[in-house]
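Letters go in sequence order (proteins before strands), and every chain restarts at 1.
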Amino acid sequence: METLSYLSQLLNPAILGAIALGTFGGLIIGALPGLTATMGVALLIPLTFGMTPVMGINMLIGIYIGGIYGGCVSSILLRTPGTPASAATVLDGYPMAQKGEAGRALGMATVGSAVGGLVAAVILATLAPQLAAIALEFGAPEYFALALFGLTIIASLSGDILKGAISGMLGVLIACVGADPISGVLRYTFGISGFASGFAFTPALIGLFALSEVFTQMEKLATGEIVSKKITGRWPSWQDLRDSRGALVRGSLIGSFIGIVPGTGSGTASWIAYNEVRRSSKTPEKFGTGYAPGIAATESANNAVCAAALIPLLALGIPGDVVTAVLMGGLMIQGLAPGPLMFQSNPDVIVGIFGGTFIATIFMFIFGMALIPLFSRILMIPRHILSVSIVLFCFIGSFAINLNPVDLYTMVGFGVLGWGMQKFGFSQAALCIALILGPMMEANLRRGLLQAHDNLFEFASGPITQLFLLLTVLSLAWPMIAKRLARRRSATTQENEDQ
Amino acid sequence: MIKKSLTAATALAAFAAGPALADFPERPIQVIVPYSAGGSTDLSMRLLADSIERNFDGVTVVVRNQPGGGGGIGTSAALHARPDGYTVGAGAQGPLALLPHLGGTDYTIDDADFIGVISRSLQVLVACKDAPFSDYDAFIEYAASEKPQIGNSGAGGANHISAEAFAAAAGIAVESVPYNGSADARTACVGGHIDAMVASPAEALEQSKAGNMTPLFIMEDERIDLFPDTPTAVEKGVDFTWSSWKSWIAPKGISEEELAWLREAVKVAASDEEFVQKMTDMGEFVVYEDADTFQSRASGDSKMAHDAIDALGMLGMNN
């Protein structure tokens with residue numbers, strides 16, 4: 001009964017309006033490269049000072065959900081990940097848009113985001129206190145094993161294993177630049193203080209995917225290879241949705257799990273989901289060519305992270321990712337201390353946040369679907385004008401994120417690197433995954449060994465660590481096992497036919 | 001039309017009523033925050049900006065985030081800005097008093113002009129979930145036989161140095177475990193992956209009510225209201241206090257009048273009732289300190305940090 005009265009406060013038009021405004025604003029912020037959901041939430045916290053807690057926090061959650069979704073727009077249309085969470089959406093979204101089916105790709109992404117968001121919101125509302133316990137099980141060895149498992153994606157994502165491994169190793173090495181996570185010593189900065197935190201991630205991504213693509217397009221323009229296509233397809237087909245059922249379920253669940261584990265976030269979730277969906281697909285070869293389930297997997301995963309990351313925040317007072325860390329600041333300014341006691345002390349706020357998460361996801365779906373025709377039109381801009389605008393966005397976006405001029409060098413450097421990699425068949429995705437997971441793997445390996453006094457057996461003694469290490473071995477050996485199984489199966493059929 | 005003339009009238013009124021230096025500031029003042037948007041320093045600065053704008057008609061304060069390098073990048077930008085009074089920096093203990101001793105920065109604390117402290121962040125050493133000790137004496141006793149693992153928010157950062165400085169003062173040995181930011185350290189603490197950590201009273205209060213953290217001692221001269229039952233290190237016979245602070249600093253070379261205006265603005269804004277309320281809700285201990293007090297506090301901290309960093313063998317490691 002009480003729950004209902006807490007929920008009914010959300011029907012207040014002012015609160016609904018604030019959520020709608022937040023979601024819409026977030027969508028635009030997310031779609032613009034260089035403006036991330038984190039920044040959107042942080043910059044608008046002062047706006048919530050005068051609001052009631054439920055209204056203010058729900059507006060921020062709207063920005064978060066809209067922002068993570070909005071990132072897919074520029075990923076799909078321009079190969080420019082609007083936020084790091086959408087980098088994996090580039091893989092299938094961009095090729096589909098290039099086939100002239102931008103609307104279909106955006107539609108699939110919108111459906112995927114909504115499904116992921118709603119699944120995680122249900123989990124948040126029903127199981128938050130129980131699941132939050134998972135968040136506490138992860139110590140340094142567990143994070144290391146999770147990151148290592150994540151890195152095996154590289155082996156299955158890159159067609160050429162050797163080139164994939166080279167890209168991945170390069171990424172891990174690049175991630176070493178900056179302050180050493182354990183001793184604080186600066187590594188490979190060559191005395192440039194701007195690199196003290198390493199290469200900034202978003203500018204690196206923008207260079208790697210967007211600027212490199214502009215270079216490639218310019219090459220094609222120069223040789224006259226470009227044929228502009230008519231834009232067809234505005235909605236995902238029923239066939240797409242049917243094909244994506246499994247991808248949506250897997251993506252949502254993986255996103256929810258990764259979201260609960262603090263310090264991982266939507267970038268990690270979307271790559272792992274993409275890989276798992278591809279691995280379990282009957283037609284893995286279709287991934288990367290503009291295949292709907294690829295989009296469904298990444299987008300359902302990254303939006304599932306949004307609601308799931310609220311679980312440890314609300315239930316334990318520990319933020320699940322960077323954005324929720326900022327949200328925690330917003331809650332504290334409202335005089336609310338997130339933590340285990342909030343369920344008793346402020347049930348109205350907790351229920352309000354649960355409800356607000358649902359409403360924001362629904363608004364996100366409505367706005368997303370309504371804006372698809374408008375967004376798709378961006379591709380009707382003549383190619384040479386579009387390319388110039390993308391270059392402009394690459395620079396503005398890379399600078400806006402930290403206001404650090406050094407980030408512009410990073411962006412251009414990664415642009416040239418990405419272009420070269422593309423030209424010679426090295427996987428940019430592998431490099432990107434290594435950039436995300438490399439630092440997590442290194443810091444936690446060293447932290448864990450420090451705590452275990454360099455005892456490897458103690459380090460690897462936890463059940464979760466062992467589970468992920470086992471999964472790592474299995475996932476690397478799977479292609480061989482699968483081949484052998486297939487051979488045996490065909491051998492048996494052969495025998496049966498012989499008889 | 002009406003609106004326009006109203007604005008003009010307000011501006012005129014402010015001009016007439018203002019102090020002798022009515023022509024400063026005539027454009028927005030920019031405060032460089034050396035951390036990402038959304039952290040406690042950033043939010044404090046946004047609250048301060050809000051308060052200045054509320055208390056001084058027609059004045060605009062813009063917060064600009066330049067994160068990276070443990071706060072060194074933004075602090076360097078603020079200290080090397082044009083000294084016209086329109087660019088100031090959020091002065092934080094880490095980048096100002098600690099980082100230059102590690103090396104790799106292009107400034108020292110002597111490059112800063114001091115405007116004022118708006119708040120101090122008190123520090124509590126807490127025992128984490130399932131730690132083998134739950135009060136100060138048990139902690140010291142445990143440390144005699146085994147090194148407790150103390151989490152911090154980053155190597156060479158404020159709570160790494162403060163934990164090590166306490167250990168040196170108390171004559172015990174500890175094992176510092178660096179994390180990537182205080183949120184990560186807190187997660188590890190609540191999950192029982194470390195023995196202890198340095199926390200702010202606000203985060204310690206909520207988690208200790210829930211039984212996930214147990215305060216061991218306060219790094220102040222006297223006990224604080226939030227934890228009346230928790231001793232200080234001083235009363236346990238260890239001459240050790242530590243707190244970090246949030247402040248405004250400026251590049252050297254700003255004219256005396258402009259500097260005076262900035263100092264006055266911070267003083268007025270920091271005593272604004274709404275500002276104090278919001279800061280307190282966020283767990284900050286609002287206390288205004290003028291430029292001279294600030295300068296001697298910062299230099300004292302810098303001196304203490306120098307010795308602690310030297311003892312750790314980290315002095316000048318990034319030069």
Side-chain angles (χ1 to χ4, degrees), chain A residues 38-39 41-43 45-46 49 135-140 178-186 189 191 193-198 200 262-263 312 316-319 322-323 325-330 332-342 402-404 406-407 439-440 443 447 450-451 453, chain B residues 32 36-40 42-43 46-47 49-50 64-70 72-74 76-77 102-106 129 149 154-157 160 175 177-181 183-184 186-188 190-194 202-203 205-207 209-212 274 277-278 281-283 314 317-318:
Chain A
T38 320
M39 267 166 92
V41 173
L43 296 181
I45 280 184
F49 287 169
L136 297 178
E137 294 303 319
F138 274 69
D180 177 300
I182 302 300
S183 72
V185 172
L186 298 181
T189 61
S193 60
F195 285 129
S197 295
L316 299 169
I318 51 181
V322 192
V323 191
V326 176
L327 272 179
M328 185 163 171
M332 288 177 78
I333 287 196
Q334 295 278 1
L336 297 165
L341 304 175
M342 202 170 151
N402 289 335
L403 303 177
N404 186 348
V406 167
D407 289 348
M440 178 173 152
R447 188 176 299 133
L450 181 86
Q451 289 190 274
H453 304 113
Chain B
I32 299 180
S36 306
S40 72
D42 174 71
L43 290 174
R46 287 179 196 277
L47 288 172
D50 204 41
R64 168 179 161 154
N65 300 87
Q66 248 181 302
I73 294 173
S76 165
L102 300 175
T105 58
D106 53 4
K129 183 123 181 127
Q149 297 191 335
H160 175 204
E175 208 163 62
V177 184
Y179 284 85
N180 182 21
D184 284 6
R186 192 167 62 240
T187 306
V190 173
H193 301 286
I194 44 178
E203 61 186 2
L205 184 66
E206 239 4 78
Q207 295 290 359
K209 275 190 204 154
N212 293 330
E274 193 183 328
Q277 185 56 46
K278 294 259 183 236
D281 283 345
M282 220 169 60
M314 293 169 81
M317 69 177 182
N318 285 329

Participant: Look at B:Leu205, B:Asp42, B:Asp281, B:Asn318 and state which one has the largest set of heavy-atom pairs under 4.5 Å with chain A.
Facilitator: B:Asn318

Participant: Between B:Gln66 and chain A, which part of the residue has a heavy atom less than 4.5 Å away: side chain, backbone, both or neither?
Facilitator: both

Participant: Considering only heavy atoms, which portion of A:Pro262 lies under 4.5 Å from any heavy atom of chain B: side chain, backbone, both, or neither?
Facilitator: side chain

Participant: Is there a donor-acceptor pair closer than 3.5 Å between any side-chain N or O of B:Gln207 and the backbone N or O of B:Arg186?
Facilitator: no

Participant: For B:Ser40, is it the side chain, the backbone, both or neither that has a heavy atom under 4.5 Å from a heavy atom of chain A?
Facilitator: neither

Participant: Sort A:Ser193 into side chain, backbone, both or neither according to what part of it lies under 4.5 angstrom from a heavy atom of chain B.
Facilitator: both

Participant: State the CD-CG distance between B:Gln149 and A:Leu450, to the nearest 0.5 angstrom.
Facilitator: 7.0 Å

Participant: Is it the backbone or the side chain of B:Ala210 that comes under 4.5 Å from a heavy atom of chain A, or both, or neither?
Facilitator: both

Participant: So, using side-chain contact (heavy atoms from CB on, under 4.5 Å) as the criterion, who are the partners of B:Asp184 when residues are at least two apart?
Facilitator: B:Tyr179, B:Asn180

Participant: For chain B, which candidate among A:Ala325, A:Pro181, A:Gly317, A:Gly330 shows the most heavy-atom pairs at distances under 4.5 Å?
Facilitator: A:Gly317

Participant: If you count heavy-atom pairs under 4.5 Å with chain B, which of A:Ala443, A:Gly198, A:Pro439, A:Ser183 comes out on top?
Facilitator: A:Ser183

Participant: With rounding to the nearest 0.5 Å, note down the distance linking CG in B:Asp106 to CD1 in B:Ile73.
Facilitator: 10.0 Å

Participant: Using non-hydrogen atoms only, which part of A:Leu316 is less than 4.5 Å away from chain B: side chain, backbone, both, or neither?
Facilitator: backbone

Participant: Using a cut-off of under 4.5 Å for heavy-atom pairs, which of A:Val326, A:Thr189, A:Val41, A:Ile318 has the most such pairs with chain B?
Facilitator: A:Ile318

Participant: Given a strict heavy-atom distance threshold of 4.5 Å, which part of B:Glu206 is in contact with chain A: side chain, backbone, both, or neither?
Facilitator: both

Participant: With a 4.5 Å heavy-atom cut-off, do B:His193 and B:Thr187 have their side chains touching?
Facilitator: no

Participant: Apply side-chain contact (heavy atoms from CB on, under 4.5 Å) to A:Met332 and list each qualifying residue two or more places apart in sequence or on a separate chain.
Facilitator: A:Met328, A:Pro338, B:Ala202, B:Met282

Participant: For B:Glu175 and A:His453: C-alpha separation, side-chain torsions, deciding distance, then whether side chain to side chain donor-acceptor pair (under 3.5 Å) applies.
Facilitator: CA-CA 10 Å; B:Glu175 208 163 62; A:His453 304 113; 3.0 Å; yes

Participant: Between A:Asn404 (side chain) and A:Val406 (backbone), is there a donor-acceptor pair under 3.5 Å?
Facilitator: yes

Participant: Could you tell me which portion of A:Ile45 (side chain, backbone, both or neither) has an atom closer than 4.5 angstrom to a non-hydrogen atom of chain B?
Facilitator: side chain

